[in-house]
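Heavy-atom basis, side chains included; hydrogens, waters and symmetry copies ignored. Position 1 is the first residue of the sequence, and the numbers go up from there.
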Amino acid sequence: MRHLARPRRALWLVVVFAIAVVATVAAVAVAGLKPADLTFTPRSEQDMTNIDVGRAFAKNYYGAPTAVAGSGATGTWATPLNLDSNYAREARSVASDGTELLNDKAKDSDKDRDNGNGKDKKSTGLKAIVLDVDDTTLTTWNYELFSNWDFNPTTNAQFVGLTGTTFTGNLFPATPGMLDLVDTAKALGYAIFFVTGRGDAQHAATIANLVNDTAAGFADITSVTLAGKTVPEVDAGYPTATAIDTGHGGFTDGLFTKPPVGSYPAYLDKPEFCGPSIHATPAVSCPTIQYKSGTRAYIESQGYDIVANFGDQFSDLLGGFADKTFKMPNPNYYLP
């Protein structure tokens, strides 16, 4: 295979493209984004971004201005991610900022140890980073084109690596800059944890895409045929995460996938986290902010200090239990 570097989701081809008409202000506009109010009802066409225009801007941003959306013969979803695009440059910029922080914090820890100040978890070396998966460590641009920005759980699962329950190979490349960041974090001694909204049923396939097929217990796959196109199978090559008991599904590999309703671990059964969802009648799926913040709280309860939390959605980042958050670029969808 080639080593490269979601319940849906409201279509959100970002407003920044409507107001940032020159590339030089794009980075500033992205930095100024904030959570969206999905209850807002436009009073005028001027309150919206034209969907076709938004798609065109997205293609330009990803360096694919002539891309053709759709799964048909003319679709260009199989074209490799453009690593010279504005998207790739912005992703690498965020990763660079994160790497700078991790280096600085590692130096601080070394100074604490040299001075004999190893009394609390902030200075014991149990420093960690948490990373989301989709469009934080793996980029799903090829699926947005394939699906024409219309999420379908069956076809999305095929890109994740599953046809039904059979592993058929992964299709998502590593997000630009993030493989280097995680490699650096590992080398500096940080614990690595992945926290995703993907369900437990996609746990092994996610490990296969993040690391490699054999790490997930699968036979090595070198190519994937989908919709009449055969493309290289993708193993992103991330280092293995830090072992930890996730409290459900028997998983101990450092990847937290979301358990099914009725199977939430005890550490999420708190009023500030998933307790209200667990005890609802009937029980319902825990919202992303509560699920992910509760998971981070659990990680910190195991003696880790989460120095940095990386995500492409505000719901990946809100809720605390991380010293600093980093927002990865993603104009394609919005998960509250």
Side-chain angles (χ1 to χ4, degrees), residues 6-10 128-138 140 143 151-162 164-165 167 170 172 192-211 216 238 241-280 282-302 306 309-322 325 328 330 333-336:
R6 31 187 212 203
R8 191 70 154 199
R9 36 198 229 186
I129 63 171
V130 166
L131 307 109
D132 172 53
V133 173
D134 290 307
D135 294 291
T136 298
T137 47
L138 300 175
T140 70
Y143 181 70
F151 182 85
N152 177 289
T154 299
T155 57
N156 182 260
Q158 291 176 305
F159 278 72
V160 168
L162 295 172
T165 58
F167 179 68
N170 310 110
F172 293 137
I192 311 296
F193 301 109
F194 295 94
V195 181
T196 177
R198 293 184 182 187
D200 283 357
Q202 296 183 341
H203 191 104
T206 301
I207 291 290
N209 201 163
L210 286 169
V211 184
Y238 284 97
T242 303
I244 189 172
D245 183 2
T246 66
H248 65 92
F251 304 125
T252 60
D253 51 21
L255 168 66
F256 289 80
T257 42
K258 192 172 184 178
V261 173
S263 299
Y264 287 107
Y267 61 79
L268 290 178
D269 189 3
K270 296 180 179 180
E272 66 270 33
F273 301 135
C274 297
S277 300
I278 293 170
H279 297 288
V284 296
S285 180
C286 184
T288 300
I289 293 173
Q290 286 75 16
Y291 154 63
K292 290 200 169 187
S293 61
T295 300
R296 293 193 301 273
Y298 169 70
I299 292 170
E300 292 210 325
S301 77
Q302 301 304 295
I306 299 173
N309 176 26
F310 297 85
D312 65 294
Q313 302 290 314
F314 292 104
S315 54
D316 297 331
L317 306 175
L318 297 174
F321 303 98
T325 61
M328 300 299 294
N330 179 10
Y333 56 88
Y334 185 86
L335 296 172

Closest approach of [X] to [Y] (non-hydrogen atoms, all atoms of both residues):
{"X": "Pro287", "Y": "Ser277", "answer": "CD-OG, 3.4 Å"}
{"X": "Pro276", "Y": "Pro271", "answer": "CD-O, 3.5 Å"}
{"X": "Asn170", "Y": "Val160", "answer": "ND2-O, 2.6 Å"}
{"X": "Gln290", "Y": "Glu272", "answer": "CG-O, 3.8 Å"}
{"X": "Phe193", "Y": "Ala128", "answer": "CE1-CB, 3.9 Å"}
{"X": "Ile192", "Y": "Phe194", "answer": "CG2-CE1, 4.0 Å"}

Sidechain-backbone polar pair: [X] side chain, [Y] backbone, donor-acceptor under 3.5 Å:
{"X": "Lys292", "Y": "Ser315", "result": "no"}
{"X": "Lys258", "Y": "Cys286", "result": "yes"}
{"X": "Gln202", "Y": "Ala157", "result": "no"}
{"X": "Asp245", "Y": "Thr252", "result": "no"}
{"X": "Thr246", "Y": "Gly254", "result": "no"}
{"X": "Tyr298", "Y": "Gly247", "result": "no"}

Check your understanding: Aromatic rings Tyr334 and Phe314: how do their planes relate, parallel, tilted or perpendicular, breaks at 30° and 60°?
Key -> tilted
Study note, to complete from the structure: Test side-chain hydrogen bond (donor to acceptor under 3.5 Å, both in side chains), reference Tyr143, set Asp134, Thr155, Asn156, output is Thr155
Is [Y] close to [X] at the side-chain level, that is, under 4.5 Å between some pair of heavy atoms?
{"X": "Phe310", "Y": "Asp316", "value": "no"}
{"X": "Thr288", "Y": "Gln313", "value": "no"}
{"X": "Pro260", "Y": "Asp200", "value": "yes"}
{"X": "Leu131", "Y": "Tyr238", "value": "no"}
{"X": "Tyr333", "Y": "Thr140", "value": "yes"}

Point to revise | Test side chain to side chain contact (heavy atoms under 4.5 Å, CB included) applied to Leu210 and Leu138, step by step | key: CA-CA 8 Å; Leu210 286 169; Leu138 300 175; 3.9 Å; yes
Check your understanding: Is the closest side-chain donor-acceptor distance between His203 and Thr257 under 3.5 Å?
Key -> yes
Check your understanding: Have Asn309 and Thr325 got a donor and an acceptor in their side chains that come within less than 3.5 Å?
Key -> no
Practice item. Please step through side chain to side chain contact (heavy atoms under 4.5 Å, CB included) for the pair Tyr291 and Val195, ending with a clear verdict. Key: CA-CA 9 Å; Tyr291 154 63; Val195 181; 4.1 Å; yes
Looking at [atom1] of [X] and [atom2] of [Y], how far apart are the two atoms once the value is rounded to the nearest 0.5 Å?
{"X": "Leu317", "Y": "Asp312", "atom1": "CG", "atom2": "CG", "answer": "8.5 Å"}
{"X": "Ile129", "Y": "Ile306", "atom1": "CD1", "atom2": "CD1", "answer": "10.5 Å"}
{"X": "Arg296", "Y": "Phe256", "atom1": "CZ", "atom2": "CZ", "answer": "11.5 Å"}

Practice item. Would you check, one step at a time, whether the test side chain to side chain contact (heavy atoms under 4.5 Å, CB included) holds for Asp135 with Met328? Key: CA-CA 7 Å; Asp135 294 291; Met328 300 299 294; over 6 Å; no
Exercise for review: Check step by step if side chain to side chain contact (heavy atoms under 4.5 Å, CB included) holds for Tyr264 and Asp269.
Suggested key: CA-CA 7 Å; Tyr264 287 107; Asp269 189 3; over 6 Å; no
